[in-house]
Amino acid sequence: MDDILSRLNPEQRKAVKIVRGPILILAGAGSGKTRVITYRVAYLIHKVGVSPGNILAITFTNKAAEEMQTRIQKLLGGNNEVWIRTFHSTCARILRGGAERIGIKNNFTIYDEYDQISLVKECLGDLEIDTKAVSPAHVAGAINKIKENLQSSTAIENDLLRHVYNHYNNKLLEYNALDFDDLIMKVVELFKTDDDILDYYQDRFKYIMVDEYQDTNRAQYVLTKLLAEKHRNLCVVGDDDQSIYSWRGAEIRNILDFERDFPDTTVIKLQQNYRSTKRILDAASAVVKNNEYRKPKTLWCENKVGEQIQFFEADDAYTEAAFVARKVIELGLKGANLGEIAVFYRINYQSRLLEECFITYRIPYEVVGSLRFYERAEIKNVLAYLRLINNNLDAVSLRRIINIPSRKIGHETIEKMSSFSKEHGIALYDVLHDIDKVKNINSGTRRRIKEFTRMIDSLIDGREGFDIYELALRVVKESGYLASLSQEKTEREYVRRKNVEELLISIKDYVRERPSATLDNYLEEVSLRSDIDEWNESNARVNLMTLHNAKGLEFDVVFITGLEDGLIPHYKSQHDERQYEEERRLLYVGITRAREKLFMTYARQRDMFRAGPNYTEISPFLNEIPSDLISTGYDFE
DNA sequence: CAGGAGGGGCTTTTT
DNA sequence: GCCCCTCCTG
């Protein structure tokens, strides 16, 4: 352990050794933050003698959690019971144990963004609100904001929104489902309702650490505060310059105000960068220093000066993509590992052109994000079956798959059953069992509904005898879904079948790794998994991702593309100063991912969704970088 | 009453 | 360029 401490600089060592009381670590990009957190956990266990079970570490993604778990294991050896999880996953776990206290059954389903929008649509329908006048996605966004801020429904000023909000929450309760923000909000509710439970978790988590603290929202902050209140051993780590999730309710205020909320806080600044060349760091600093809303600070380094940043101005987006591809090939010929190269962009849409180009040039690549695996329709269909089996109150999933594959049970029939369910206060799935009582359904449809119900019932009844993989296999076979995919002829449909098969394999792996896991556990894990969690960094492929997904990662070579006014900063952020500054931070995050080489590109013409060419202006942020750091000498052959 | 074909809308970032 | 919704057909 002493040996480990000697590998840290004085500030880092301080951050590891101060274990009692509130502590705020302001960790600049590349300042060894992860190392500090990992060592801190090791220090707590080995030197202070804290039991691993008394430590809670919150990370931003599951991927970061797994990485940290691995590192700690390497440091300490053997198994430990440190809780290292995301906020959402921590809360889901707490609720599985104690949700009944606040009226939620413990087999609740977690609704993602798309399930949520379906439910909002349903609510708008129930309340006879025209979805053309009020967009469901917009309403869903407003609902999320309310929950992220722990606002009470009575405080909602807009009458329509308040009605929808209440109706929506009633539906969630009825369906035994929670949306993402509920996970946090309900735990806060649980803690405020039940002192014993709060007490239990406060004593359990005597030492709490929160990473990426700048990206926590109000609800997460309140939750953290509640948990840490008793023992006050709270360590938060963040960087206000890397706050890029305010649109998701993150409050940079949480970091700026930490010292006010915890007056006896020890503040430690990690400002030495170990990652990037001096030029790259200078460029990053030159950009971010233009922000008004930030804690003043300067990163420094003893790293080599490095090359100039290479800037390329392309005629259009195709030329831009070709430039990136050719540079990648050039680097590859010089022996660079393609897995150490990353291409960033502002919006997922931009990946398409790059992909096309990479295919043409035969460059192996991997897109992180865009269409996430678990959000693909065919995957969601299979999961909807499993969700229905796990929680048959989940009418969103039931509606989704009752006619997949086609059973000739259409909208009209579903509407009739829904009305019946509403009138008699019976769950939709129970209406299926009592289908003879529902009027005006023809006998063929009735028969097919009974068949469907029988099939689901038999899967539910038999589930004890099977593991999750066997169950999933039965689902795709007995529902006829796999067969329906096998008959399809187009390339796209073939891909769907492949995806379902891939899902089955992944379930098999999951069962092998966690033989005691329940269906509940599996569905929860899948719901809370993001695409970055799946990403395998050891692949020898160029990595394509959004600037948001790049957070927390680092690469030898980085390309930042689309440096245009309207893209970075995004045009929707241009009229709000706070949002505008967040765009600048986004670029800052992108630049600071690079260790050795940084390329920045701009296309004078980019065809967006509108018809015809779209002539662009260069990003104003680029002018903030001193010109001596940049080389522009490109002739594009 | 189900499902295919064609028109209109919209596209930031995500746990 | 893609997805969703609607209208029309079988």
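Reminder, nothing fancy here: chain letters follow the sequence lines and each chain counts from 1.
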Between [options], which one does the side chain of [X] approach most closely?
X        : options               : result
A:Glu412 : B:dA2, B:dT13, B:dT15 : B:dA2
A:Lys408 : B:dT14, B:dG3, C:dC2  : B:dG3
A:Thr86  : B:dG3, B:dT14, B:dT15 : B:dT15
A:His548 : B:dT15, B:dT13, B:dC1 : B:dT13
A:Asn549 : B:dA2, B:dT15, B:dC1  : B:dT15
A:Lys121 : C:dC5, B:dT15, C:dC2  : C:dC5
A:Arg346 : B:dT12, B:dC1, B:dT15 : B:dT12

- In chain order, what residues pass the side chain to side chain donor-acceptor pair (under 3.5 Å) check against A:Glu554, with sequence neighbours excluded? A:Arg275, A:Arg595

- Task: Scan A:Lys572 against the nucleic acid and name what it touches under 4.0 Å (heavy atoms): base, sugar-phosphate only, or nothing.
- Result: base

Whole-Å distance between [N] [atom2] and [X] [atom1]?
X        : N      : atom1 : atom2 : result
A:Gln579 : B:dT12 : CD    : C1'   : 10 Å
A:Glu212 : B:dT13 : CD    : P     : 20 Å
A:Ile117 : C:dC5  : CD1   : P     : 11 Å

- Item | A:Lys145/A:Asp181 ion pair, N-O < 4.0 Å | no

- For the pair A:Asp315 and A:Arg604, find out whether any cationic side-chain nitrogen is under 4.0 Å from an anionic carboxylate oxygen. yes

- Message: For a quick test of reading the model, state the closest non-hydrogen atom pair linking A:Asp239 to A:Ile255 and the distance between them.
- Response: N-CD1, 3.7 Å

- Contacts of A:Phe60 and A:Ser573 projected onto DNA chain B by closest heavy atom; the upstream (5') one is A:Ser573

- Between A:Arg448 and A:Phe87, who's closer to the 5' end of DNA chain B by nearest nucleotide? A:Arg448

- For A:Trp247 and B:dT13, do the ring centres fall under 5.5 Å apart while the planes stay under 30° apart? yes

- Is there a stack between A:His570 and B:dT12, judged by ring centres under 5.5 Å and planes under 30°? yes

